[in-house]
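The figures that follow rest on heavy atoms only: side chains count, while hydrogens, waters and symmetry mates do not. Note on naming: letters A, B, ... go to the chains in the order of the sequence lines (proteins, then strands), and numbering restarts at 1 for each one.
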Number of protein chains: 2
Amino acid sequence: MVHYTKSLLVLTLIMLSNSRAAHHHHDHNRCLSAALSHAEQHCTEAGVRLTPIRRAVLELIWQSHRPLGAYAVVEQLPSILGRPIRPPSVYRAIDFLLEMGLIHRLPSYNAFIGCPFPGSEHSDVFMVCRCCGSAAEVSAETLNKSLEDTASRAGFQLETQNIELSGLCASCQQEDSSS
Amino acid sequence: MVHYTKSLLVLTLIMLSNSRAAHHHHDHNRCLSAALSHAEQHCTEAGVRLTPIRRAVLELIWQSHRPLGAYAVVEQLPSILGRPIRPPSVYRAIDFLLEMGLIHRLPSYNAFIGCPFPGSEHSDVFMVCRCCGSAAEVSAETLNKSLEDTASRAGFQLETQNIELSGLCASCQQEDSSS
DNA sequence: CAGTGATTTGGTATAATGTACCACTTTATT
DNA sequence: AATAAAGTGGTACATTATACCAAATCACTG
Ligand SMILES: [Zn+2]
Ligand SMILES: [Zn+2]
Ligand SMILES: [Zn+2]
Ligand SMILES: [Zn+2]
């Protein structure tokens with residue numbers, strides 16, 4: 001019985017998440033610079049190039065924790081690069097960043113968001129606040145097991161997943177109840 | 001010990017799924033007619049009208065277990081109604097069917113699929129086969145709890161969800177290994 | 001049954017998102 | 001320097017979805 005309780009606790013605690021930052025007031029410059037230096041390092045190690053355009057697109061997507069649409073990137077790129085960049089170039093940069101695992105796509109929003117833990121193995125699970133629009137990523141061992149289990153019970157061999165949870169983040173819940 | 005085993009089994013078994021049909025050879029006419037009569041009944045009870053267009057769109061979406069795009073519906077509608085129907089009318093019908101819970105939208109595919117258990121409370125979880133393209137819906141108690149648990153541990157108040165699992169269905173796994 | 005308001009549909013035009021394609025430039029390799 | 005590979009510029013276009021207003025149909029009332 002003791003053993004059961006212990007192992008349950010261990011499983012319970014294995015959870016990566018940036019919800020503390022994404023859904024609360026915080027120093028976002030740290031998120032941004034961490035993401036950029038991560039990206040530099042990641043690309044160097046992989047032997048690929050984080051060109052100015054790719055870097056600028058990543059920077060724009062990381063400007064907040066709200067998913068950003070491709071055409072919003074197109075509109076804002078001149079502010080960083082000083083010259084207009086057309087959709088195909090932006091989509092090429094986005095494809096690169098997706099393949100490198102530096103950003104994720106949120107299909108229900110037709111938008112993209114920076115990955116807070118690129119490189120480390122994790123499941124793509126997003127909690128998007130319907131009030132403030134910010135999205136946090138979470139990777140929970142128990143949830144992964146549950147997904148894997150549900151799929152295998154249906155004879156389905158799970159390969160990739162897209163999980164978008166919508167609701168109220170902690171901050172917006174407080175504002176809701178205080179108003 | 002016996003009690004623990006039993007309750008685990010009970011939780012394990014609470015799972016709605018149409019994967020047996022969706023991912024295997026079956027008499028699909030039964031799926032179709034069941035869906036249509038369900039829809040009639042559901043609409044009557046709700047006091048709304050399943051008009052010819054709405055019914056035809058539902059019928060087309062239920063023609064298989066593969067998600068169907070809105071413009072595929074537009075193209076095929078003449079074969080049922082005998083006259084062309086333009087995109088806005090199709091999208092209006094789709095919006096109606098979505099609101100009634102008779103179909104679901106799969107955002108990563110920009111496509112729609114019939115709900116095998118409309119009316120009954122269920123979570124939106126789809127297993128889409130990357131080989132044959134068919135999508136099964138599943139609603140598992142344990143997965144729901146796990147999602148709820150993951151969200152609440154991040155202080156997130158879960159309201160709606162979109163879960164798309166991609167991989168190989170049972171049938172396509174066999175073909176893969178036999179070839 | 002006629003009148004009236006609400007719901008549904010028809011149809012044009014356009015918005016929003018994403019891609020095919022080819023020429024050109026830059027970078028890496030020999 | 002020559003060559004190959006990778007990346008970018010730019011036009012045109014494909015796909016998905018919606019705004020808007022007019023016409024038709026339906027539901028209800030007197
Ligand atoms: Zn931040
Ligand atoms: Zn991630
Ligand atoms: Zn079927
Ligand atoms: Zn359903």
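Heavy atoms only, all atoms of each residue included: B/Val48 and B/Phe96 are closest at CG2-CZ, 3.9 Å. Considering every non-hydrogen atom in both A/Ile113 and A/His65, the closest pair reads CD1-O, 3.4 Å. B/Ile80 and B/Leu60 get closest at one heavy-atom pair: CD1-CG, 3.7 Å. Summarising the geometry of A/Arg130 relative to A/Ser166, their closest heavy-atom pair is CB-OG, 4.2 Å, with the distance given to 0.1 Å. Closest non-hydrogen pair, B/Phe112 versus B/Ile61, comes out as O-CG2, 3.8 Å.
Shown here is B/His42, whose NE2 atom has more than 12 heavy atoms of other residues, nucleotides or ligands within 6.0 Å. Summarising the local packing, NE2 of B/His122 is surrounded by more than 12 heavy atoms from other residues, nucleotides or ligands at distances under 6.0 Å.
In this view, B/Arg55 and B/Glu40 satisfy the salt bridge (Lys or Arg N to Asp or Glu O under 4.0 Å) rule, not counting sequence neighbours.
Only B/Arg105, B/Asn110, listed by number, bring a heavy atom of residues 93-110 of chain B to less than 4.0 angstrom from any atom of DNA chain D. Within residues 46-69 of chain A, the residues approached by DNA chain D to less than 4.0 Å at the level of any non-hydrogen atom are A/Arg49, A/Thr51, A/Ile53, A/Arg54, in residue-number order.
B/Leu106 CG to B/Arg66 CZ: the interatomic distance, rounded to the nearest 0.5 Å, is 13.5 Å.
A side-chain donor-acceptor contact under 3.5 Å links B/Ser89 and B/Arg92. Side-chain atoms of A/Gln41 and A/Glu45 form a donor-acceptor pair, as typed in the model, at a separation below 3.5 Å.
A 4.0 Å heavy-atom criterion places the boundary nucleotides of DNA chain D facing chain A at D/dG7 to D/dT11, written 5' to 3'. Scanning DNA chain C 5' to 3' for nucleotides with an atom closer than 4.0 angstrom to a non-hydrogen atom of chain A gives a first and last hit of C/dT17 to C/dA28.
Grouped by direct or indirect side-chain proximity (heavy atoms under 4.5 Å, Ile/Leu/Val/Met/Phe/Trp/Tyr only), B/Tyr71 sits with B/Tyr91.
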